[in-house]
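A quick write-up on the structure given underneath.
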Amino acid sequence: RITYTIVISGLCQAKKADDAHRLFKKMKNSGCSPDFVAYNTLLNGFCKLGRVDEAFALLKSFEKDDFKLGLRGFTSLIDGLFRAKRYDEANAWFRKTFEANVEPDVILYTVMIRGLSEAGKFHDAKKLMDEMNQSGLVPDTYCYNAVIKGFCDAGLLNQARSLQLEILNRDSFPNTCTYTILICGMCRNGLVVEAQQIFNDMEKVGCFPSVVTFNALIDGLCKAGELEKANLLFYKMEIGKNPSL
RNA sequence: GUGUGGCAUUG
């Protein structure tokens, strides 16, 4: 049974939810009854593609087999609803989480914060962050990144930066994504110089730019008309790929 | 003792 679940999980990660579903059926037909891990895995496979209606249909059938939605399942569904831009339903399901006596954790809060920020409901996102802190949960880097991105998208760059510094006080570390988010935010708000500075700073802290980071800054430089600098960066990127040089 | 949930760029 575990072997089935592992393969189902792999198919889901490869975004092959339909194949995963087929294998799931095969698993049942072969006399293996899925457990809650298998159920969660398949639900998440559909949710992360934004195919929430299919996920709900599955959930209904699972519940006939006595499956009870737990924290991870709620998280998947809510994440899926946000991906499908069904914001009201996402909020409703967040409330349902409490009604089911399931305590949200940092991951669920992060999903909510990211979703609300993307919907432009930045104030609601901030409220949730406070709520999370009050309930004693300690935000991790993923969570900070979601909030920082929210600040950036709202054009509140100073607050984004001060939050970046706050991470360190909390015994977490900004990672490559954190810096990419900031670089992108600076560029989009016309602060390309700042973006370059952040780019230079990150290496000093032992955080190395990824392809995504390079792309973000190169794109920003191009859009700001700094083509020479963009070219130089492109060149650096190529060198980085060939340590033998 | 193994399997399930959340981050970044352009397109």
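Labels below follow one simple rule: chain letters A, B, ... track the order of the sequence lines, proteins then strands, and each chain is numbered from 1.
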The side-chain contact (heavy atoms from CB on, under 4.5 Å) partners of A:Lys16 (sequence neighbours excluded) come to A:Leu11, A:Ala14, A:Asp19
Classify A:Thr41 by what it touches in the nucleic acid, base, sugar-phosphate, or nothing, heavy-atom distance under 4.0 Å.
sugar-phosphate
Could you check A:Asp88, A:Val52, A:Ile78 and say which one makes a side chain to side chain contact (heavy atoms under 4.5 Å, CB included) with A:Trp93?
A:Ile78
Check step by step if side-chain contact (heavy atoms from CB on, under 4.5 Å) holds for A:Ser117 and A:Ile113.
CA-CA 6 Å; A:Ser117 300; A:Ile113 289 168; 4.2 Å; yes
Are the side chain of A:Thr141 and the backbone of A:Phe173 linked by a donor-acceptor contact shorter than 3.5 Å?
yes
With a 4.0 Å cut-off on heavy atoms, is A:Val106 in touch with a base, just the backbone sugar-phosphate, or nothing at all?
base
Looking only at side-chain N and O atoms, does A:Asn145 offer a donor or acceptor that is under 3.5 Å from a partner on A:Asn175?
yes
Which part of the nucleic acid, if any, lies within reach of A:Lys48 when heavy atoms closer than 4.0 Å are counted: base, sugar-phosphate only, or nothing?
nothing
Any base atoms under 4.0 Å from A:Ser210, or only sugar-phosphate, or nothing? Heavy atoms, all strands.
base
Regarding A:Cys47, tell me which of base, sugar-phosphate or nothing describes its non-hydrogen contacts under 4.0 Å with the strands shown.
nothing
Reckon A:Ile2 touches a base, only the sugar-phosphate, or nothing at all at heavy-atom distances under 4.0 Å?
base
Chain A vs RNA chain B, heavy-atom contacts under 4.0 Å, first-to-last nucleotide span, 5' to 3', is B:U2 to B:U10
Does the ring center of A:Phe199 lie less than 6.0 Å from the ring center of A:Phe214?
yes
Base, sugar-phosphate or nothing for A:Leu42? Non-hydrogen atoms, less than 4.0 Å.
nothing
